[in-house]
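Convention: sequence-line order gives letters A, B, ...; per-chain numbering from 1.
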Amino acid sequence: MNDTPLPAENSTNSAEPARSLNFIEEIVEANLREGKNDSRVHTRFPPEPNGYLHIGHAKSICLNFGLAKRYDGKTNLRFDDTNPTKEDVEYVDSIKEDVRWLGFNWEGHELYASDYFDQLYLWAEKLILDGKAYVDDQSAEIISRQRGTVTTPGVESPFRNRSIDENLLLFRKMRDGGFPEGACVLRAKIDMAHTNMFFRDPILYRISYTSHHRTGTKWCIYPMYDFAHGQSDYLEGITHSICTLEFEVHRPLYDWFLDQLVDTEYRPRQIEFARLNLTYTVMSKRKLFELVKNNYVNGWDDPRMPTICGLRRRGYTPESIRAFADRIGVARRDNVIDVGLLEFSVREDLNKRARRALAVLNPVKLVLINYPGEKTEYLNAVNNPEKPEEGTRQIPFTRELFIEREDFMENPPKKFFRLFPGGEVRLKYGYIIRCEEVVKDMAGEITEIRCTCDMESKTGGATSNRKVKGTIHWVSAVEAGEVEVRLFDRLFKAIDPDNVAEGHDWKEGLNPDSLKVVRAYVEPSLLDAQPMEHYQFERIGYFNVDSDSQPGAMVFNRTVALKDTWAKMVGE
RNA sequence: UGUCCUGUGGUGUAACUGGCAACACGUCUGACUCUGGAUCAGAAGAGUCCAGGUUCGACCCCUGGCAGGACAACCA
């Protein structure tokens, strides 16, 4: 009903309330004023296809595509696929799906760093020819040790001064499969004492006989990320290369490579921003991978995962994620965003679009002792009070109902507006009832609440105006459908799951109660709900139909609970 | 004991580029309500890491500290 992503709104619209620019927009506008790059704005989103996208990537995606949209530019989707041992088409497919779902389109076809392997190879030879690169026969361990530390200079490789001819021969032999993996690498010849570690003769090419998801077995040498990334941006005419803070140190190296290799004035401008951190959430690919691999969750799209596909399955909308990205802003200082802000963003969106329905998650039977047993009435219910044009539907009402166990208390505290012995409450869209009697089993557990029904108080009737303090939801005991409901809670107990004490594992912070499965009773209309549709179960929360649903065996996911002022009052 | 980056309410992000700090979330009141939702009205909460300096005037500039982060993969 409401799941097709609306096209992202045109943000060049000047009718929008003026918002101050973030630091990236300020740079872009300054460049535009200078007429730099013919006043083009061309960004790119460059994921490595070795994992699934998460909410942190969504920030970057919204940034890159948002910038292009705002300044009438373009954005490339480019896969940085320079390491075939870790990459797979499974990931490129999921990434494309996620970016599209978020509401963005890239220019024509997606691009790959592997598209540039030929050019990159030629550039490597150029460096050799210019005496700026050499083949090193040493092992990874030795090279690493020779690199020195951040406070001490490195030492030069004994192979550093091979002749150009020898280097060229050796490099071509590497390319032609003349060496086993690890036998040698191609290194840039820069400065082993440089304060920037990346200038200490960085590795340009290494040998790998792994088949590449796109180039197959054409190559057995692959460029390192640092030797591919900046040049890829250059080849694509990228004007602003937006990336996260940790790549700041790489920037001078990218510039160095281009300075050696091309003679145009044009350069992509790299701008770094602080990555997103969320409370109660781990975001590193490595950790998410581990959660999936070791079955701490049920796959990448487990609704408890911060992955885009997890959030999608959980019931988040693209609009809510974009609104979230907008709200968190972008800056260069480290930050931790309250997950509550993400939850606020879905509630805000779902409140406007989700149809309302009645569902009882923790049922207790309620009998209307003065209501005829054979009677079934159909009560009018509003589909969405935020959108009256969506009309009404009918809900069957009978003598025996289910209500929420939490909506009844034998000894209620002050300000308890729900049902209690002798108290009155309205059944949503129905009648005002009074609790007359409580039936319990041997264990003292309430098995039935017996009430009288004020037949004059029917919603919409001429005499329905009586006010009572509370309204509760319900479902007909005979007409209700039975479904499975999955109640999710945060995956981690600790607010900062990355921060673990010495000798402890971050997985100890997992919340054992992050998934609770219950059987629930729902109004009949819900049985026709379609996969991925969003609903608000009145007074409970937002739910969507899970893909595990089968005909006759519906499964609903709780996206997020409704804000619960009462729970806060009584201390959660 | 290196280089680079960063330091504004509880959390994020602003401050027309030097004129004593705004917005959002959160928190707390109250109104309204057939969702203790939504909505509406209002409040509290920082004097901008610290110390000097320049200036009539500094969150914005300078100096010196302090604190946090990044960087030593044949990963990206």
Grab the [atom1]-[atom2] distance between [X] and [N] for me, whole Å please.
{"X": "A:Tyr535", "N": "B:G37", "atom1": "OH", "atom2": "P", "result": "24 Å"}
{"X": "A:Leu342", "N": "B:G12", "atom1": "CG", "atom2": "P", "result": "15 Å"}
{"X": "A:Tyr91", "N": "B:A76", "atom1": "OH", "atom2": "C1'", "result": "14 Å"}
{"X": "A:Lys285", "N": "B:A73", "atom1": "NZ", "atom2": "P", "result": "19 Å"}
{"X": "A:Met197", "N": "B:A72", "atom1": "CE", "atom2": "C1'", "result": "3 Å"}
{"X": "A:Lys469", "N": "B:C32", "atom1": "NZ", "atom2": "C1'", "result": "18 Å"}
{"X": "A:Tyr222", "N": "B:A73", "atom1": "OH", "atom2": "P", "result": "24 Å"}
{"X": "A:Asp326", "N": "B:C23", "atom1": "CG", "atom2": "P", "result": "18 Å"}

Checklist line | Check: A:Gln270 main-chain N/O paired with A:Ser241 side-chain donor or acceptor under 3.5 Å | finding: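 Looks like no, no N/O pair under 3.5 Å.
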
Next item on the list: Could you verify whether a donor N or O on one side chain and an acceptor N or O on the other, from A:Gln138 and A:Gln146, lie under 3.5 Å apart?
Entry: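 Yes, side-chain donor-acceptor contact under 3.5 Å.
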
Check: Under 3.5 Å, is there a donor-acceptor pair linking the side chains of A:Arg347 and A:Tyr542?
Finding: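 No, A:Tyr542 and A:Arg347 have no side-chain donor paired with an acceptor closer than 3.5 Å.
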
How is [X] classified with respect to the nucleic acid when contacts are heavy atoms under 4.0 Å: base, sugar-phosphate, or nothing?
{"X": "A:Lys467", "answer": "sugar-phosphate"}
{"X": "A:Ala331", "answer": "sugar-phosphate"}
{"X": "A:Arg418", "answer": "base"}
{"X": "A:Glu181", "answer": "nothing"}
{"X": "A:Tyr205", "answer": "nothing"}
{"X": "A:Glu26", "answer": "base"}
{"X": "A:Arg200", "answer": "nothing"}
{"X": "A:Ser139", "answer": "base"}
{"X": "A:Leu245", "answer": "nothing"}

Notebook entry, point to check: How do A:Lys86 and A:Ile540 order along RNA chain B: which one's closest nucleotide is nearer the 5' end?
Noted result: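 Its nucleotide being nearer the 5' end, the pick is A:Ile540.
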
Margin query: Heavy-atom nearest nucleotide on RNA chain B for A:Val150 versus A:Phe416: which residue maps closer to 5'?
Written below: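 Result of the comparison: A:Val150.
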
Notebook entry, point to check: Taking the six-membered ring for Trp, are the ring centroids of A:Phe117 and A:Tyr222 within less than 6.0 Å of each other?
Noted result: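 Centroid distance A:Phe117-A:Tyr222: below 6.0 Å, so yes.
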
If you go through the side-chain atoms of [X], does one of them form a donor-acceptor pair with the base of [N] closer than 3.5 Å?
{"X": "A:Arg333", "N": "B:U8", "result": "yes"}
{"X": "A:Arg327", "N": "B:G12", "result": "no"}
{"X": "A:Glu386", "N": "B:G37", "result": "yes"}

Inter-nucleotide [atom1] distance ([N], [M]), Å rounded:
{"N": "B:A15", "M": "B:G9", "atom1": "C1'", "value": "15 Å"}
{"N": "B:U6", "M": "B:C50", "atom1": "C1'", "value": "16 Å"}
{"N": "B:U29", "M": "B:G47", "atom1": "P", "value": "25 Å"}

Notebook entry, point to check: Which of these passes side-chain hydrogen bond (donor to acceptor under 3.5 Å, both in side chains) with A:His473: A:Glu404, A:Glu523, A:Glu538, A:Lys428?
Noted result: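 Only one of A:Glu404, A:Glu523, A:Glu538, A:Lys428 forms a side-chain hydrogen bond (donor to acceptor under 3.5 Å, both in side chains) with A:His473, namely A:Glu404.
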
Margin query: So if I take every side-chain heavy atom of A:Glu248 and compare against B:U35, B:C5, B:C71, which nucleotide ends up nearest?
Written below: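 The listed nucleotide nearest to A:Glu248's side chain is B:C5.
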
Check: Looking at the side chain of A:Val249, which of B:G37, B:C71, B:C74 is the nearest nucleotide?
Finding: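 The closest nucleotide is B:C71.
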
Item checked: Single hit among A:Lys96, A:Arg78, A:Arg214 for salt bridge (charged side-chain N to carboxylate O under 4.0 Å, His left out) with A:Glu110 ->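 Option passing the salt bridge (charged side-chain N to carboxylate O under 4.0 Å, His left out) with A:Glu110: A:Lys96.
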
